[in-house]
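Below you'll find the structure, written out as structure tokens, and then a few comments.
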2 protein chains.
Amino acid sequence: MSIIETVDAEGSEAVSLHQRILSDISEKILSGAWPPGHRIPFEHELTAEYNCSRMTVNKALSQLAKAGLIERRRRSGSFVRRPQSQAAVLEIHDIRIEVEALGLAYRYQRLERLKRRSNAEDRTLLELAASGPVLALKGLHFAGQRPFAHEQRLINLAAVAEAGEEEFLDIAPGPWLIGRVPWSQAEHRIRAIAASDHIADVLDIEAGAPCLVVERRTWSAEHPVTHVRFIYPAESHTLVARFTPSQG
Amino acid sequence: MSIIETVDAEGSEAVSLHQRILSDISEKILSGAWPPGHRIPFEHELTAEYNCSRMTVNKALSQLAKAGLIERRRRSGSFVRRPQSQAAVLEIHDIRIEVEALGLAYRYQRLERLKRRSNAEDRTLLELAASGPVLALKGLHFAGQRPFAHEQRLINLAAVAEAGEEEFLDIAPGPWLIGRVPWSQAEHRIRAIAASDHIADVLDIEAGAPCLVVERRTWSAEHPVTHVRFIYPAESHTLVARFTPSQG
DNA sequence: CCTCTCAATATGTATATACATAATCACCAT
DNA sequence: ATGGTGATTATGTATATACATATTGAGAGG
């Protein structure tokens, strides 16, 4: 309630108030002190607690909401969100790097390239509202002589027009895109499938053998950029994800 | 370049100014009109262009910076960032929540429970240096009447002594641990396998059918806590990972 | 008892303002 | 030339204020 005359005599670090509110609250949530469903103090209460303006509190809470830790409801307040899910930083390496880390020669080979107007399936995969030009690619990543992964990709040419001029004969579209398009969001879907006859054929495995499928959708500031589906033979691939639960 | 006094006569949607500045700029970046390294107009210029206060512009630019699209430098201005490396936030939900989200009844059932001194394999899985007491558990997660996932877990009793007193007959060890042990690090390994005869039997699927395997190792402040291996029938499970680069 | 309306409330968005801070530039003295 | 010094500039953070908007809850009216 009082003016801030205590100048943080002890562990006085140069942390902004904004940051402190943020970390205080996420700590409470992550530690379980405030379980899912718990109502977070109202903005005006936090205003009093931290002796700051509502704008500062509001900014911090809005950020927590965007991060998915809390849910805000007008007139009701802010609440700790239910999905107390564990978040992990999953690093999906460039396939080339992955292959070369195994001491094998990397090679990419195009199987198919098609420029067309997006059909219904394309629009579903890319989450596109309207029809537009897309580039559909299929290719194989090799580790030494053996196929390592099959890639099936859609590129939204409305978002990345230059991609339409590329042949992608022996350069993989992934690194090409990464080097050109800044992306702001991605979604992965990971699952297991049995190899279809066709996939078994190109990957040189038995039909019905288990495969790991990684699908990735990428957005650059609201705009869908690309959708890609990697299929790995089960033996060749393990995804590794490491996680430290720090909140920014 | 001119002031926007046109009040969006046409597709006038209730979009906040904040949102409009945000999408305008990211569109410019995305389209390549502003390539990496390009200097974004100064806040005071955008203030004039959008005829709004600096705070509004600042908020939008700060958000773009947090999203990793631009980089801000004092005295110099804001610049389009070079594309970043890939990392993804993978959310692994509590199985109960996942099952209940499907509208099915959740149930956990213990298959096996063994308290013993860690053997060589245990120490590998837990990354333990010395031998010590561990709890080895096997159990099934049900969605309705059908098995949803098989769980095989090791708990380091040196780190979580109370776990040794628990039976885990029908409460799953995952939530039990989460509620008790603050964990500071986790590592996931994700891969596909063909169901062994035994796994096929307990999961009620065909032998050789593809399965998704998620292994998680958890540490609490340097101490290994638990290692768990989930096996999901391929049809029942897709991991979804969402990602926004860099957090605030 | 039910519905409709209106006031109260918490959040959402925006403004004007102020001062802090880091980086750069121009200038001056050596 | 060279090195320091201070002014300038753009962003960083915070405040007080205002009004919009969604939602809840209580009370009026049927």
Side-chain angles (χ1 to χ4, degrees), chain A residues 1-8 12-25 29 34 37-81 248, chain B residues 3-8 12-25 29 34 37-81 246-248:
Chain A
M1 278 297 183
S2 69
I3 308 292
I4 309 175
E5 69 273 288
T6 54
V7 198
D8 256 40
S12 151
E13 292 179 33
V15 183
S16 72
L17 197 45
H18 176 87
Q19 278 300 321
R20 215 177 86 218
I21 298 175
L22 228 129
S23 58
D24 279 9
I25 295 182
I29 295 175
W34 290 351
H38 179 267
R39 210 208 73 228
I40 283 174
F42 294 128
E43 292 188 351
H44 69 263
E45 293 174 313
L46 292 171
T47 288
E49 186 178 334
Y50 287 93
N51 192 31
C52 66
S53 78
R54 187 169 83 89
M55 273 304 294
T56 304
V57 169
N58 179 283
K59 226 178 132 188
L61 290 187
S62 298
Q63 193 170 326
L64 282 172
K66 217 169 346 172
L69 273 187
I70 68 173
E71 185 185 344
R72 314 201 69 190
R73 287 201 291 275
R74 281 175 172 169
R75 165 71 214 236
S76 310
S78 303
F79 300 83
V80 178
R81 265 188 48 165
Chain B
I3 307 290
I4 307 173
E5 70 272 290
T6 54
V7 198
D8 257 41
S12 156
E13 294 178 33
V15 183
S16 70
L17 197 46
H18 175 87
Q19 278 300 323
R20 218 177 83 220
I21 298 175
L22 228 129
S23 57
D24 278 9
I25 295 181
I29 296 175
W34 292 350
H38 180 265
R39 210 209 72 226
I40 284 174
F42 295 127
E43 292 188 351
H44 69 262
E45 294 174 312
L46 293 171
T47 289
E49 187 178 335
Y50 287 94
N51 192 30
C52 67
S53 78
R54 187 168 83 89
M55 273 304 293
T56 303
V57 169
N58 179 283
K59 228 178 131 188
L61 290 187
S62 298
Q63 192 171 326
L64 281 172
K66 223 171 339 181
L69 273 187
I70 68 173
E71 186 186 340
R72 314 201 70 191
R73 286 201 292 275
R74 280 174 172 167
R75 167 70 215 235
S76 310
S78 303
F79 300 83
V80 178
R81 261 188 53 168
S246 106
Q247 69 293 54

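Each chain gets a letter, A, B and so on, in the order the sequences are listed, and its residues count up from 1.
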Could you check how far CD of Gln63(B) sits from P of dT11(D), rounded to whole Å?
17 Å
Whole-Å distance between dT9(D) P and Asn58(B) CG?
19 Å
More 5' along DNA chain D: Val57(A) or Glu43(B), using each one's nearest nucleotide?
Glu43(B)
Per the salt bridge (Lys or Arg N to Asp or Glu O under 4.0 Å) rule, what does the pair list look like for residues 52-61 of chain A, sequence neighbours excluded?
Glu43(A)-Arg54(A)
Interatomic distance, His18(B) NE2 vs dG12(C) P [rounded to whole Å]
12 Å
Using a 4.0 Å heavy-atom cut-off, write out nucleotides 16-25 of chain C from 5' to 3' as B (base contacted by protein), S (sugar-phosphate only) or - (no contact).
BBB--BSBBS
Would you indicate, yes or no, if dT13(C) has its OP1 or OP2 atom less than 4.0 angstrom from a side-chain nitrogen or oxygen of Thr56(B)?
no
Write down the distance between CZ (Phe42(A)) and P (dG12(C)), rounded to a whole number of angstrom.
13 Å
Can you measure Tyr50(B) atom OH to dT15(C) atom P for me and round it to whole angstrom units?
13 Å
In whole angstroms, the gap separating P of dT15(C) from NZ of Lys59(B) amounts to 11 Å
Take Cys52(B) and Val57(B), measure what side-chain contact (heavy atoms from CB on, under 4.5 Å) needs, and give me the verdict at the end.
CA-CA 8 Å; Cys52(B) 67; Val57(B) 169; 3.7 Å; yes
When all nucleic acid strands are considered with a 4.0 Å heavy-atom cut-off, which category describes Leu17(B): base, sugar-phosphate, or nothing?
sugar-phosphate
Results of side chain to side chain contact (heavy atoms under 4.5 Å, CB included) for Glu45(B) - residues two or more places apart only
Arg39(B), Pro41(B), Phe42(B)
Ile70(A) CD1 - dA10(C) P separation (whole Å)
15 Å
Please enumerate all residues that pass side chain to side chain contact (heavy atoms under 4.5 Å, CB included) together with Arg74(A), with sequence neighbours excluded.
none
Side chain to side chain contact (heavy atoms under 4.5 Å, CB included) partners of His38(B), counting only residues at least two apart:
Trp34(B), Pro35(B), Val80(B)
Arg39(A) CZ to dT24(D) C1', straight-line distance once rounded to whole Å:
14 Å
OP1, OP2 of dG12(D) versus side-chain N and O of Ser16(A): anything below 4.0 Å?
no
With Arg75(B) via side chain to side chain contact (heavy atoms under 4.5 Å, CB included) - residues at least two apart:
none
Distance in Å, Leu64(A) CG paired with Ile70(A) CD1, rounded so as to fall on 0.5 Å steps:
5.0 Å
